Each structure stands twice: as structure tokens, then as C-alpha cells.
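Since the structure comes first, as C-alpha cells, the remarks are kept for the end.
Residue numbers start from 1 in every chain, and the chains themselves are labelled A, B, ... in the order their sequence lines are given, proteins ahead of strands. Everything numeric here is computed off the predicted structure, so don't read it as measured data.
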Amino acid sequence: MSATLRHAGYVLRGNPVTLVAGFGASLLIVLAIFGPSLVPHDPVASNVPNALLPPSARYWFGTDQLGRDVFSRVIAATRLDLLIAASAVSLSFAAGATIGAFCGYVGGQLDRWVGRLVDVLMAFPLFVLAMAMVAAFGNQVENIVIATAVINLPFYIRFARAEVNVRRNIGWVEAARASGNSHAQVVLRFLLPNILPAMAVQISLNLGWAILNAAGLSFLGLGVRPPTPEWGILVAEGARFITTGKWWLVTFPGLALMLAVLCFNLLGDGLRDILDPRMRT
Amino acid sequence: MAVLRSIGRRLWQRLLASLPALFGVAVFTFLLMRVLPGDPAVFFASGPNAGQEEIEQIRREMGLDKPIPVQLVNYLADLAQGNLGRSMSTGQPVAADLERRLPASLELTLCALILALSLALPLGILAALRPNSLIDHGVRLLCTLGVCMPTFVSGLLLIFAFYYLLGWAPDPTGRLDVFVSTPPEVTGFLLVDAALVGDWEAWIAAASQLWLPAATMALFVLAPLARMTRASMLAVLTSDFIRTGEALGLSRRRVVLVYALRNALLPVITIMGIVFSTMLGANVLVEKVFSWPGVASYALDALLASDYAPVQGFVLLMAMIFVMVNLVIDVLYGLADPRVTVG
């Protein structure tokens, strides 16, 4: 354990960007938990006389067409955006890692067919697929989560499959089998925990992608409904005013989105350096 | 000739291999329609007060009273005849609607792809020629940020900068300014149609509407293309044949742009398939931001109005385009790398 920590410290010293990304991600999580109680104004209370004010000392990010404080709305939106992305990623991680691990462990015909299916799915316009799913299941937040989870699924299946495949004939797997574990136990209790560190990288990179997808869907008017503060919707509402120069309505939620994705992407790259020395670039 | 024949054979094999995928998408869209809430027969009935009898009759006419497997076969038969159903919001057959709107989407996507390639290739090559130089770091920064920037945000910010602040771009709605007369339709691509009749005023008007959405989409896919070009150029530039070329006294330009680039392009062509399919997805967002009258905005409007036949048609169309793009990539691959076709 201390060796891992020492290695992590070594990598972080050489790569301060990861440290910054880690702080950014922690800040996002803190904002997601405490944000709604920290904001200076009520994120949904309208105050029409103060509509469309540019950023000022009182309204840091300006106000929208109903006089709501954009800063409060951007902060309050963190919870919903992260919640959607995190639930989607954990769903697709749980399902994808299990399916992929079993395929990699069993191998053979099943593995080939699942592999082919995954290849086809991965190359399909996944955002279109997500749209179609939200259309089919109904226009609700839960379905955004499901759609985002499904389009992330192929990546986890492929990854878990490859990782399990290389470990399948290693000594300790045979030992686990020989000491009386069933196949299911070998996969779930020995192989899955073993590939977890490598999967953590994938999870972090995927979180960023999931945030982008979910925000894209709600920007289109799918899933989350106004007046709920959510970054995609904030941008969509501000879009109407961009041609008249009300830049703050789009810029700040857009910046929040971008920073969130950037943090998780950089963190993923950093985690890869720490956890998975083979893939170091 | 042998190369062409071999490419032809590979194409045919790939086409056959893609049929199951297309079939799968068709079945998937059918199932999607079946799990949808709401009864299509009620939608098609004359009014909200239509009697139970009338609804039953429509249901019989539409074949909705038959068991699901029979309906599936009927649906597939309709598809085979190019019948995608009728849109409830426009009242037109979906196939006709899609056909009318497809050129707009294709023109945008192709221009964006060309723009992205013409930026990504030089940037990737320059970064690979001088690793860890200022330009390399610049390209890396651009790629890192480009991946994180949502298309709809970058589109809106470009509108703010180039329409509102600088005034370099026209009002970001639609393909052509309302005061410019549309050139006679031949291909549906405004740039091509305007050039064919020599209407340069319309050409400039169309191009000025097009460049902002195209740039938005190009920014989105710049990162993977430039990154891949850099990585594969770096790998190729260290190979023996490059050193040999330089030892033989070939000019630097010739070595890099002819011998190295041709070899480095293979991985770039490979990811172009994935890039194109993410562009098809990003199309929805970009068309929405710029009110572009393409197939994606058509499907989106239908989706928000609970009109599902256009959505199904759109998903199928995307699948078909996606299969065709992969075929084209196969051909490009064969042309770029003779080894693929000889083997």
C-alpha cells in the first residue's frame, strides 16, 4: 500500500495537472452536495425587474430573462448534472464489467458474438441512439440516465473483456478454481476486483463523456425540464438571447460544463499514470 | 485493374456483412415503436372524440390488430419498398421529408469534415515534426480543450463572436438568407447548385451561412484527428525507410509529405469512421443551434411532438449512412495501402 502511495506521490510531483484536476473534481463534488445551500440567491425564484442584467458585484454571472441569478443556478445545477452522469456511469459500469468479464472468462463463440455486437454498437452514432431511447421510454430524467448508461455500455464490455481475457489463465485464477470456487465466484470475487484499478481510469474518462451527453440531451429539450437548474437547459435558455449579445447566459453554464469534463478527463489521464503503469504514455 | 477488382470484391463482402447490422437496426426501431406509449390508431383517428369503432377500424387498416411477429414482417416489407410511414406533424411521407432535408445535413457534415481534416492534418504533422515544441504543446492544449467543449456551447459562442461582436457572419438561421433567391435544385447541395448555374451571389450567401456551423462541428472533431495524425506521424518518422529516403538525399518536403504522410494516414482513415459517426450525432445539436433545416432537426422536432415515424426513419437513415461511410473508408483504405487489397 505504501509503495502505491509513494508511486502516486512520485507521479503527482511530476504531473501537477493531475493534482489540479483532482482538486477540481473534489470541488465539484462538494458543490454538488452543499451547493444548493451555499448559493447567494434562490436559483428558481424569479425577480422580473432585474431581468437580463450583465454580471455585476451583486449578480456575479448576471441574471436571466426572469431575473434569476445565473451564478446560483449554475452552482445549484452541479448536483443534478453530476448525479445523472454518476448514476449512468455506475449503471453501465456494473452491467458492462459483469458482462464483459464473463465473456472474457468464458471465451469462445459467445465472446465472439458479443465482441462483434459491441463493435457495431460502438461505431453507431451513439448520441442518435440515446435520443431514440429517450423518445421510446419517455421524456424523463431517469430515461436520460438509462440512455446514457446504454451508450456507455460497449466501452465497459470491451474493456473488461480484454482485461479478463489476459488474466484468465494466470496461476492464481487456476488456484481459485482448484480450491473449489465456481466459475461465477472466480469472476465476481477474484477477476473483477483485479481489473478494478484499470476500470477506474475508464470510469473517470467516461464521467466527462456522460456529462456532455446528458447535457446535450437536455439542451435539446429531452429529459430535464425547466425551471430545474441544469447546465444543458441553462445553455438552451440562454441560446435565445445570444444574438442580442447576452453572452453571460450561455458562457457561464457552458464554462461549468467544460471545466467539469476537463477535470474528469485530466483526472482519468492522471489515474492511468498512477494505477496502470503499462499504459503510461 | 487487379487492385480495383480486389477493392470491388472487398466492398461486396463488406456490404453483405453489414446487412445483419442494418437488419438489427430495423428490428430495433420496430421494437422501439412497440414499446412507445400511446396508440398510433388514436393519433390517426379523425379527432379527439373519434368513436371506439372508428379507432378499431383504423387499427385494422394499419395492421395493428395482428400479432407482433406479423406486424414485424409487414414493417420489414414496407421498409424494403422504401416506405417509412407518414409523419403526423408534416402530413408527408417520411421518406420524402428525409430526402428533401438530407442534402442540407450532408452538405454541413461534409464541409465540416473537410474543414477539420484541412486543419487537423497540418497541425498534427507540424506537432509530430517538432515534438515538445511550442506548436506541439499548442496542439495538445487545443485537443484537450476541444474534447471538453460541448458543441452547442462552442456554436453559440462562435455566434456571439462572429455575428454579434464582429458582424462577419449573417443571422445564424437556416441555409440561405431570405432575400437571396434559391438556385434551381439539382443536387440539393446549395454550394454545388449555385456554382452549376453560375449564381455567385447565391453561392457566397450560402457559404457565409455555412461556415459558422461547419466550423463548430470541425472544432468538435479536430481533437481526435489531430491527435491521431501526430501519433502515427511520430511513429512513421522514426522508421527505417524514412531514414533511407533522407540518406538518398530526397528533400525534406518530399520525405514528409509523400512517404511519411501516406503511411501515417492509415490510422487516421480508420478513425475517420468513428469521427464521422460522432459527427452524425453532433449534427443534431449543431442543426438545433443554427436552425439548420436538415434531417436531424426534423427528427428532433418530430421527437418533441411525439411523432415517432420520422424518428424511426431518421435512425434507419443514420444506420444506412453509417454503413456507406464505412464502405467508403474501406475503399480509401485500399487506395492508401496496397497491402490491404493484395492480401
### Query
According to the interplanar angle, ranging from 0 to 90°, do the rings of A:Phe252 and A:Trp247 count as parallel (below 30°), tilted (30 to 60°) or perpendicular (above 60°)?
tilted
### Task
Give the ring-plane orientation class for B:Trp211 versus B:Phe162, where under 30° counts as parallel, over 60° as perpendicular and anything between as tilted.
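B:Trp211 vs B:Phe162 ring planes: perpendicular.
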### Query
Mind checking which of residues 209-217 of chain A sit less than 4.5 Å from chain B, heavy atom to heavy atom?
A:Leu212, A:Ala215, A:Gly216
### Task
With a 4.5 Å cut-off on heavy-atom pairs, point out which of A:Leu129, A:Asp269, A:Leu220 contacts chain B the most.
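Greatest number of close heavy-atom pairs with chain B: A:Leu220.
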With a 4.5 angstrom heavy-atom cut-off, which part of [X] approaches chain A: side chain, backbone, both or neither?
X	answer
B:Val323	neither
B:Thr278	neither
B:Leu303	side chain
B:Ala319	both
B:Phe160	both
B:Phe276	neither

How far does [atom1] of [X] sit from [atom2] of [Y], to the nearest 0.5 angstrom?
X	Y	atom1	atom2	result
A:Phe155	A:Leu205	CZ	CG	11.0 Å
B:Met149	B:Leu222	CE	CG	13.0 Å
B:Met279	B:Leu110	CE	CG	8.0 Å

[Y] backbone acceptor or donor facing [X] side chain under 3.5 Å:
X	Y	result
A:Trp231	A:Ala77	no
A:Ser204	A:Val201	no
B:Arg101	B:Val295	no

Chain A contacts, top residue of [options] (heavy-atom pairs, under 4.5 Å):
options	result
B:Val147, B:Val284, B:Ile321	B:Val284
B:Leu280, B:Leu285, B:Val153	B:Leu285
B:Val311, B:Val315, B:Leu300, B:Leu157	B:Leu300

#### Entry: Donor-acceptor pair between B:Asn283 and B:Thr109 side chains, under 3.5 angstrom
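Checked: B:Asn283/B:Thr109 side chains pair up, N/O donor to acceptor below 3.5 Å.
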### Message
If only side-chain N and O atoms count, and only distance matters, is there a donor-acceptor pair under 3.5 Å linking B:Asp97 with B:Thr90?
### Response
yes
### Query
Does A:Arg73 come within less than 4.0 Å of A:Glu237, counting only side-chain N to carboxylate O?
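A salt bridge is present here (some side-chain N lies under 4.0 Å from a carboxylate O).
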